[in-house]
Amino acid sequence: FGYVRPSVQDLPEGELNRFRTMYCGLCHTLSRRYGQAARFILNYDFTYLAILLSDGTAGAQGAGRCYTSPIKKRPFLEPTAAMELAADESVILAYWQLRDGVADHGFWGGLKYRIASALLRPAYRKARENLPWFDRGTQEKLSALAALEAEKCPSLDAPADAFASLLSLASQQVGDTARRRVTEQLLYHLGRWVYLIDAADDLKKDVTTGGYNPLALCFATENGALNEADRQSLAVTLDGSVRAMAAAFELLDETKYTPILRATVYEGLYAVG
């Protein structure tokens with residue numbers, strides 16, 4: 001969704017460059033594994049996924065041109081197993097997000113999602129072969145979420161849990177058992193936060209169109225907005241997810257990516273919220 005991003009103004013230049021090399025490295029990894037079309041799904045969220053799936057180590061640094069920088073070479077990290085795993089999971093998540101867009105919109109409104117998913121389908125099929133268990137789990141969680149949306153579930157927790165459980169699946173191939181359990185918790189609470197932030201972002205549109213939005217069913221809205229008391233209630237819920245993420249984050253071993261993650265968990269998410 002692009003909601004997970006660092007507090008750029010507070011990061012030293014060296015940390016920003018470290019993040020950029022991972023971002024560009026994931027872009028090159030997507031291109032090498034899935035072709036040029038896969039590069040267009042790249043965003044900050046998937047870059048954080050690559051960082052979380054890594055153990056803090058990074059591949060060799062290279063430099064190259066790309067469609068966003070055709071003249072000047074940019075530094076990037078060569079692919080690692082963690083970056084390849086993040087690329088595989090990112091393609092599957094992006095594909096099903098696009099298919100969800102097709103389902104949620106009419107023929108004309110869903111046309112751009114239909115075209116984008118068709119362009120990504122060859123990459124998705126390859127990623128599905130690489131990670132069949134992740135694709136199955138993603139579909140199961142999305143089906144559960146779709147059922148809740150179809151019945152107009154008047155709960156924040158039930159649909160947010162379905163999406164959070166989906167995102168936590170991304171941790172299952174982390175090798176170290178303790179780090180896998182911590183990463184699973186971190187991704188779960190991040191998923192819950194992302195779902196609710198997206199609901200808040202879409203509230204006015206969903207109230208206008210009649211689309212499912214748990215905030216509209218849990219709170220009173222006026223002109224697609226929450227009143228101040230309900231805004232504060234939602235803020236408490238969002239902050240609870242961030243605090244749970246922070247508790248998991250503090251259990252991770254210190255790595256060179258720790259300052260980037262810390263700036264995001266303690267500053268970036270609050271700024272977006």
Side-chain angles (χ1 to χ4, degrees), residues 1 4 19 21-35 38-39 41-60 76-97 120 122-145 161-195 244-245 247-258 260-261 264-265:
F1 291 93
V4 185
F19 183 80
T21 57
M22 175 62 86
Y23 182 90
C24 292
L26 183 58
C27 184
H28 281 273
T29 304
L30 284 165
S31 176
R32 293 180 189 183
R33 288 176 78 78
Y34 296 111
R39 280 181 148 165
I41 72 169
L42 181 69
N43 64 18
Y44 285 166
D45 296 1
F46 292 148
T47 306
Y48 277 101
L49 182 60
I51 290 173
L52 287 170
L53 293 177
S54 75
D55 58 2
T57 59
F76 66 90
L77 295 178
E78 294 288 351
T80 63
M83 292 167 69
E84 290 174 348
L85 176 60
D88 295 346
E89 293 179 344
S90 298
V91 167
I92 291 171
L93 289 170
Y95 178 78
W96 285 113
Q97 183 186 9
L120 193 61
Y124 160 70
R125 288 172 175 165
K126 183 178 177 182
R128 182 180 61 190
E129 291 178 2
N130 292 337
L131 294 177
W133 62 271
F134 185 72
D135 182 61
R136 286 194 302 270
T138 298
Q139 292 189 60
E140 289 171 3
K141 300 299 183 185
L142 287 177
S143 294
L145 181 57
D161 172 75
F163 187 81
S165 298
L166 187 164
L167 195 56
S168 70
L169 290 174
S171 67
Q172 294 309 300
Q173 284 196 327
V174 173
D176 179 76
T177 302
R179 191 164 63 86
R180 181 170 63 249
R181 293 173 65 181
V182 171
T183 304
E184 181 180 22
Q185 284 297 301
L186 197 157
L187 287 173
Y188 175 88
H189 292 291
L190 177 61
R192 184 179 187 277
W193 180 88
V194 164
Y195 183 85
M245 282 178 58
F249 163 73
E250 293 297 343
L251 296 175
L252 291 173
D253 291 336
E254 189 93 6
T255 73
K256 62 184 178 181
Y257 291 112
T258 296
I260 296 171
L261 293 172
T264 302
V265 171

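In this chain, numbering begins with 1 at the start of the sequence shown.
Taking all atoms of both residues into account, the shortest heavy-atom contact from A248 to V182 is O-CG1, 3.1 Å. Residues A82 and A50 approach most closely at CB-O, 4.4 Å, considering heavy atoms. The nearest pair of heavy atoms linking G25 to F76 is N-CB, 3.7 Å.
Summarising the geometry, atom CZ belonging to F134 is positioned 6.0 Å from atom CG belonging to L169; distances are rounded to the nearest 0.5 Å. Here CG of L52 is found 13.0 Å from CD of E184. Values are rounded to the nearest 0.5 Å. To the nearest 0.5 Å, atoms OG1 (T264) and CE (M245) are separated by 8.5 Å. Note that CG of L77 and NE2 of H28 are 10.0 Å apart. Values are rounded to the nearest 0.5 Å. Once rounded to the nearest 0.5 Å, the distance linking OG1 of T47 with CE of M83 reads 9.0 Å. With rounding to the nearest 0.5 angstrom, the OG1 atom of T255 is 8.5 Å from the CD1 atom of I51.
In this structure the side chain of Y195 reaches within 4.5 angstrom of the side chain of L145, judged on heavy atoms. Between L120 and Y34 there is no side-chain heavy-atom pair separated by less than 4.5 Å. Side chains of V4 and L49 form no contact here, defined as non-hydrogen atoms less than 4.5 Å apart. At a threshold of 4.5 Å between non-hydrogen side-chain atoms, the residues Y257 and M22 count as touching. Inter-residue side-chain proximity for Y48 and I260 is flagged as met; some heavy-atom pair is nearer than 4.5 Å. Counting only heavy atoms from C-beta outward, the side chains of W133 and Q172 approach each other to under 4.5 Å.
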Criterion side-chain contact (heavy atoms from CB on, under 4.5 Å) on E89 and L53, from CA distance to verdict: CA-CA 11 Å; E89 293 179 344; L53 293 177; 3.5 Å; yes
Does the pair N130 and K126 meet the rule for a side-chain contact (heavy atoms from CB on, under 4.5 Å), with working shown? CA-CA 6 Å; N130 292 337; K126 183 178 177 182; 4.2 Å; yes
Run L93 and L166 through side-chain contact (heavy atoms from CB on, under 4.5 Å) and show every step you take. CA-CA 9 Å; L93 289 170; L166 187 164; 3.3 Å; yes
Please list, one pair per line, the donor and acceptor atoms closer than 3.5 Å that link side chains of residues 185-193 to other protein atoms, with sequence neighbours excluded.
residue : atom : partner : partner atom : Å
Y188    : OH   : D161    : OD1          : 2.5
R192    : NH1  : S241    : OG           : 2.9
R192    : NH2  : D157    : OD1          : 2.7

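The list of salt bridge (charged side-chain N to carboxylate O under 4.0 Å, His left out) pairs with a residue in residues 26-35, not counting sequence neighbours, reads R32-E78, R33-E84, R33-D88.
A distance-only check finds no donor-acceptor pair linking the side chain of S31 to the backbone of C27 [under 3.5 Å]. In this structure, S168 contributes its side chain and S165 its backbone to a donor-acceptor pair below 3.5 Å.
Atom CG of D176 has more than 12 heavy atoms from other residues, nucleotides or ligands within 6.0 Å.
Between L85 and the choices V174, L131, T80, the side chain to side chain contact (heavy atoms under 4.5 Å, CB included) rule is met once, by L131.
A donor-acceptor contact under 3.5 angstrom links the side chains of Y124 and D135, judged on distance only.
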